[in-house]
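So the structure is just underneath, and the comments pick up after that.
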Amino acid sequence: MTTHTETTTTVEYAPERPARLEWAKHAPEVYKAMVRLDTAARKGLDHTLYELVKIRASQINHCAFCIDMHTKDALAAGESVERIVQLSAWDESRHFYTAKEIAALELTEAVTVLTDGFVPDEVYANAAKQFEEAELAQVIAAITVINAWNRFGVTCRMAPGHYEPGQYK
């Protein structure tokens with residue numbers, strides 16, 4: 001249970017739910033392979049764009065652990081609180097983002113959700129206009145990797161709030 005004491009009142013927060021499974025401990029080779037894949041996926045990508053993609057996919061997937069981690073990493077790297085706060089509603093606040101970031105966020109949503117079973121042609125075409133082919137391949141890889149990390153985080157119920165920026169680098 002977490003408590004927060006203010007000058008006149010004490011607020012009692014809900015208890016932290018324990019993780020279901022320490023998957024990395026029990027599948028260390030899979031974890032190591034994921035780390036290698038993540039490292040390969042980020043090569044050549046702008047760090048800001050990379051973190052925005054990771055935060056947005058994690059928001060969609062409700063992965064609190066990854067939201068916590070990537071928000072802290074983005075803030076530590078100099079990203080503004082305002083742009084992170086607006087990220088959950090980026091489509092309504094496009095003026096906070098570059099055309100390239102918007103294309104990456106559109107693609108992130110399309111690849112993450114896949115409700116119609118495919119990425120719409122217009123979303124892909126917009127991303128293809130903003131990125132050279134090699135960079136586009138890296139963006140797609142980054143989106144795919146964070147979705148995989150989210151699946152581990154959500155399934156195993158990894159608890160947010162304990163990550164320190166750069167902890168897993």
Side-chain angles (χ1 to χ4, degrees), residues 1-42 45-94 96-97 101-102 104-116 139-169:
M1 174 183 337
T2 304
T3 59
H4 180 74
T5 306
E6 296 182 15
T7 52
T8 57
T9 61
T10 298
V11 177
E12 199 170 299
Y13 294 103
E16 182 176 299
R17 296 185 327 176
R20 288 179 174 153
L21 175 70
E22 293 181 49
W23 75 270
K25 175 181 163 185
H26 298 290
E29 293 306 313
V30 175
Y31 177 77
K32 290 176 195 172
M34 285 293 298
V35 169
R36 287 191 305 272
L37 183 59
D38 194 285
T39 300
R42 77 174 66 195
L45 288 182
D46 174 74
H47 183 71
T48 298
L49 184 130
Y50 177 76
E51 291 297 343
L52 291 175
V53 162
K54 288 194 161 235
I55 295 166
R56 185 63 192 130
S58 300
Q59 289 172 337
I60 295 165
N61 290 323
H62 305 279
C63 185
F65 181 85
C66 292
I67 293 168
D68 179 60
M69 175 189 292
H70 297 293
T71 298
K72 287 175 178 175
D73 282 345
L75 288 167
E79 182 56 80
S80 74
V81 171
E82 190 170 47
R83 282 174 29 107
I84 291 173
V85 168
Q86 291 300 319
L87 195 53
S88 65
W90 69 267
D91 200 29
E92 294 295 321
S93 52
R94 289 174 171 248
F96 287 99
Y97 307 100
E101 290 168 343
I102 290 169
L105 293 170
E106 287 173 343
L107 189 61
T108 298
E109 292 201 2
V111 171
T112 300
V113 178
L114 289 176
T115 53
D116 294 324
V139 171
I140 294 167
I143 295 166
T144 301
V145 172
I146 189 56
N147 273 280
W149 283 119
N150 290 164
R151 271 47 178 189
F152 284 114
V154 171
T155 303
C156 297
R157 195 186 287 146
M158 295 172 66
H162 305 287
Y163 177 77
E164 296 294 326
Q167 180 177 338
Y168 294 124
K169 290 185 179 180

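- For the atom pair CD (Glu82) and OG (Ser93), the distance works out to 9.0 Å, reported to the nearest 0.5 Å.
- Annotation: ring-ring contact (aromatic ring centres under 6.0 Å, His included) contacts of Tyr31 (sequence neighbours excluded): Trp23, Trp149.
- Nearest heavy-atom pair across Ile143 and Ala104 is CD1-O, 4.3 Å.
- Considering all non-hydrogen atoms of both residues, Pro18 and Arg157 come closest at O-CD, 3.7 Å.
- Closest non-hydrogen pair, Val111 versus Leu114, comes out as O-CG, 3.3 Å.
- Between Glu79 and Glu51, the closest side-chain pair of non-hydrogen atoms is not below 4.5 Å.
- The salt bridge (Lys or Arg N to Asp or Glu O under 4.0 Å) search around Glu29 returns Lys32, not counting sequence neighbours.
- Pro165 and Asp73 make their closest contact through CA-OD1, 3.3 Å (heavy atoms, listed as atom of the first residue, atom of the second, distance).
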When the side chains of residues 54-66 are checked against the rest of the protein, which donor-acceptor pairs come out under 3.5 Å, sequence neighbours left out?
unit_1 : atom_1 : unit_2 : atom_2 : d
Lys54  : NZ     : Asp38  : OD2    : 2.6
Lys54  : NZ     : Tyr50  : OH     : 3.0
Arg56  : NE     : Glu109 : OE2    : 2.8
Arg56  : NH1    : Gln59  : OE1    : 2.9
Arg56  : NH2    : Glu109 : OE2    : 2.9
Ser58  : OG     : Lys54  : O      : 2.7
Ser58  : OG     : Asn150 : ND2    : 3.0
Asn61  : OD1    : Arg151 : NH1    : 3.2
Asn61  : ND2    : Ala57  : O      : 3.2
Asn61  : ND2    : Asn147 : OD1    : 2.9
Asn61  : ND2    : Asn150 : OD1    : 2.8

Passes side-chain contact (heavy atoms from CB on, under 4.5 Å), Leu87 versus Leu105? Steps please.
CA-CA 9 Å; Leu87 195 53; Leu105 293 170; 3.8 Å; yes

Check against side-chain contact (heavy atoms from CB on, under 4.5 Å), Gln86 and Trp90
CA-CA 6 Å; Gln86 291 300 319; Trp90 69 267; over 6 Å; no

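- For the pair Leu52 and Thr108, the minimum side-chain heavy-atom distance is 4.5 Å or more.
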Run the numbers on Glu16 and His162 for side-chain contact (heavy atoms from CB on, under 4.5 Å), then give the verdict.
CA-CA 11 Å; Glu16 182 176 299; His162 305 287; 2.8 Å; yes

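- Looking only at distances, a side-chain donor or acceptor of Arg20 sits under 3.5 Å from a matching main-chain atom of Thr155.
- Taking CD1 of Ile84 as the reference point, atom CZ of Phe96 lies at 12.5 Å (rounded to 0.5 Å).
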